[in-house]
Amino acid sequence: MLSTITSPTALRRLPASRLPALAAEIREFLVTQVARTGGHLGPNLGVVELTIALHRVFESPHDTIVFDTGHISYVHKLLTGRQDFSRLRSQGGLSGYPSRAESEHDVVENSHASTSLSWAEGIAIAHQLKGDRQRHTVAVIGDGALTGGMAWEALNNIAARKDLPLVVVVNDNERSYAPTTGGLAEHLSMLRTTQGYERVLSLGKRAISGAPVVGRPAFETLHGIKKGIKDIVAPQGLFEDLGIKYVGPVDGHDEHALEVALRQAKGYGSPVLVHVLTKKGKGYRPARQHADDQFHAVGVINPETGLPLEVSGRSWTDDFSDSMVALGEERDDVVALTAAMLIPVGLRDFSLKFPERVIDVGIAEQHAVTMAAGLAYAGLHPVVAIYSTFLNRAFDQLLMDCALHRAGVTFVLDRAGVTGSDGASHNGMWDMTLANVVPGLHLAAPRDGEQIELALRRSVDITDAPSVIRFAKGNPPAPIPALEQHGTVDVLHGPGEEHVDTLVVAVGSMVPTALGVAARLEDAGRTVRVVDPVWALPVGADVVQEARRADQVVVIEDNLVSGGVGSAITLALQQAGVTARVRPFGIPKEFLDHASRGQVLAAIGLTPDAIAQALLA
């Protein structure tokens, strides 16, 4: 049946009696296909009926459907005619997120959470101002993304527009990556477990209206005080007090009930919130039984068992995890903060050993960073562990709350540099450029797992400025020992202090690439020294001294070539009067299509062969 659904129009023609079979077929397709490629399996299994209902009630692209975060878009892709998942998240295949290049039905490509309500309000207002009053706008947001402050800024604004035809669908599965935490989670929990107001009012209407003489007036009196009854029976007042009509909770796996609720919301003519209860990993036992994240994202797996077919090996994150536990045992002032990603950033073991010293703020990076400044002010040393790409969201807090106040806060940035398969918004390619403009900030990019512990220990001793430790996705290389130390600089190739043709400054995970470049240059008759600055920012005096003994300085980093470490070294050498030419190699200032990390690095010329050829030319 799925192969016949080439568009939402074909879906709307399908008899309602066939929809359960279609839902089952979609789940079978997702398990089979995503098991071969990897991807966001659990979240998509949970929104099959919801996505079907959305496309039967609303007419995309005439009506606009905005998916928050976007990792729940697989079913949407299938229902809009994109059913070749053979190269999902691979070069030349479908993106793992909505993509305007793929379909007119896709709107927001950004995979950062809590943005959908702002997008949707803007789109809805534009339609209204242009006189397109028959076009509806829908924002689908998870309960996890609803913990983000930006979502509440948007809700506050949406509530003031009483005539805006905007539907907010809360996909409530009690989780983002892990279980949702905070006061909002508790409120939604009350809504889930409390008998619905409409159901009670319906029962009351039948019972009271049937009473002779006083029945109808009594019911009208009851209806007149419905707000008080709602607060007792179903405390959705949090939304309705804002002025947003609340519908639900609705069973997110009852397609008919979903259509009824969505049609009701569509016809209301003003902002409506539809509260939908779904189960992450629905219909796939291995996902439902997976305690950590219910298969939020998987690699290549056996579809029958859910077990991985590839051994991932030890990751950079594992080395950080072990280092945090060891540090926590030695120092009781070290506390950890995470933004709804406790396990992915390597804080699970720390949280098991020191549960009172871990704070999960939900998807609220801005809050986490300013809160960390407060923790530092009060005498603790906070370690904020997030993905590199998500530091973008809290730059103002890093600059004005941490750096301006000289707060001793350590930022540990996982998935730094090119991450690949998750596409443009997940590449951690901006952090060193951002860090480079922050006064007083210290940044280390460890070259291997052993260096992570050394950097972390040094970082938590910095009490008068923020510090950053960044490392890549995947597996670190085997330990790369220093041959010599020239002050704070580790010499990795070409020991001694004699003058060389080329000094290669290698940053973090690009050290193996730099060593490959050195070998190729030496084969061509050049003399080369490769150094790791250890602390890449600010540029140290020892790096400047190394540059005085070279004709040219080559900087290799997996960050924007614009404004990164290469730019900082160029400025430092100019200010010191060093005449060596600087050749920076990094990521071009453009958004990178999804592909494997290796394919992306090859495409942008960050390989030993490409760099050596450019230098020799």
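Quantities reported herein were computed from a predicted structural model and do not represent experimental measurements.
- Two residues are said to be in side-chain contact when any heavy atoms from C-beta on lie closer than 4.5 Å; Val247 and Tyr268 fail this criterion.
- In this structure a side-chain-to-backbone donor-acceptor pair under 3.5 Å is present from Asp254 to Ala257.
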From CA spacing to verdict: side chain to side chain donor-acceptor pair (under 3.5 Å), Ser321, Asp318: CA-CA 5 Å; Ser321 176; Asp318 294 330; over 6 Å; no
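- Rounded to the nearest 0.5 angstrom, Arg56 CZ and Thr9 OG1 are separated by 12.0 Å.
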Does the pair Ile52 and Ile26 meet the rule for a side-chain contact (heavy atoms from CB on, under 4.5 Å), with working shown? CA-CA 10 Å; Ile52 291 173; Ile26 289 173; 4.2 Å; yes
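- Taking 4.5 Å as the limit, every side-chain heavy atom of His136 sits out of range of all side-chain heavy atoms of Val167.
- Atom CD of Glu590 is surrounded by more than 12 heavy atoms from other residues, nucleotides or ligands within 6.0 Å.
- At a threshold of 4.5 Å between non-hydrogen side-chain atoms, the residues Glu259 and Leu19 count as touching.
- For Lys162, the NZ atom counts as densely surrounded, since its 6.0 Å shell holds more than 12 non-hydrogen atoms of other residues, nucleotides or ligands.
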Set out, in order, the CA-CA distance, both residues' side-chain angles and the distance that settles side-chain contact (heavy atoms from CB on, under 4.5 Å) for Asp68 and Leu146, then state yes or no. CA-CA 10 Å; Asp68 203 287; Leu146 206 56; over 6 Å; no
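- Between the side chain of Asp143 and the main chain of Asn173, a donor-acceptor pair closer than 3.5 Å is present.
- Within the 4.5 Å cutoff, the side chain of Thr69 has no heavy atoms near those of the His40 side chain.
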Run the side-chain contact (heavy atoms from CB on, under 4.5 Å) test on Glu102 and Leu94 for me, step by step, so that the C-alpha distance in whole Å, both residues' side-chain angles and the decisive distance to 0.1 Å come before the verdict. CA-CA 8 Å; Glu102 289 178 6; Leu94 290 178; 3.5 Å; yes
Can you list the steps and then say if His55 with His76 is a side chain to side chain donor-acceptor pair (under 3.5 Å)? CA-CA 8 Å; His55 277 296; His76 164 76; 2.9 Å; yes
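- Distance check, rounded to the nearest 0.5 Å: CD of Gln599 to NE2 of His594 gives 10.0 Å.
- For Gln397 (side chain) and Ala368 (main-chain N/O), no donor-acceptor pair under 3.5 Å exists by modelled atom type.
- Between Lys473 and Arg597, every side-chain heavy-atom pair lies at or beyond the 4.5 Å cut-off.
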In sequence, state the C-alpha distance, the side-chain angles, and the governing distance for Arg27 and Glu49, and then conclude on salt bridge (charged side-chain N to carboxylate O under 4.0 Å, His left out). CA-CA 10 Å; Arg27 285 195 169 91; Glu49 290 84 1; 2.8 Å; yes
Stepwise salt bridge (charged side-chain N to carboxylate O under 4.0 Å, His left out) check, Arg89 with Asp422: CA-CA 7 Å; Arg89 301 168 68 246; Asp422 279 328; 3.3 Å; yes
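- In this structure, CG on Leu342 lies 6.5 Å from CG on Asp360, to the nearest 0.5 angstrom.
- Taking OG of Ser114 as the start and CD1 of Ile363 as the end, the distance is 5.0 Å to the nearest 0.5 Å.
- Here the side chains of Lys77 and Asp106 are in contact, with some heavy-atom distance below 4.5 Å.
- Between Val168 and Ile141 the shortest side-chain heavy-atom distance falls below 4.5 Å.
- The distance from atom OG of Ser3 to atom CG of Leu78, rounded to the nearest 0.5 Å, is 11.5 Å.
- The side-chain heavy atoms of Asp558 and Arg470, taken from C-beta on, include a pair separated by under 4.5 Å.
- Applying the 6.0 Å contact sphere to CZ of Arg12 captures more than 12 heavy atoms from other residues, nucleotides or ligands.
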Please evaluate residues Asn392 and Leu434 with respect to the criterion side-chain contact (heavy atoms from CB on, under 4.5 Å), reporting the C-alpha separation (whole Å), side-chain torsions for both, the decisive distance (0.1 Å), and the verdict. CA-CA 8 Å; Asn392 303 356; Leu434 295 176; 3.6 Å; yes
Derivation of the side chain to side chain donor-acceptor pair (under 3.5 Å) call for Thr419 and Asn427: CA-CA 5 Å; Thr419 57; Asn427 288 315; 3.1 Å; yes
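- A perpendicular orientation is assigned to the rings of His426 and His112, their planes being inclined by more than 60° (bins at 30° and 60°).
- Listed for the Asn156 side chain is no donor-acceptor partner under 3.5 Å among the backbone atoms of Trp152.
- Considering CG of Leu166 and OG1 of Thr137, their distance stands at 6.0 Å, rounded to 0.5 Å.
- Formation of a donor-acceptor pair under 3.5 Å by the Gln366 side chain with backbone atoms of Gly149 is not found in this model.
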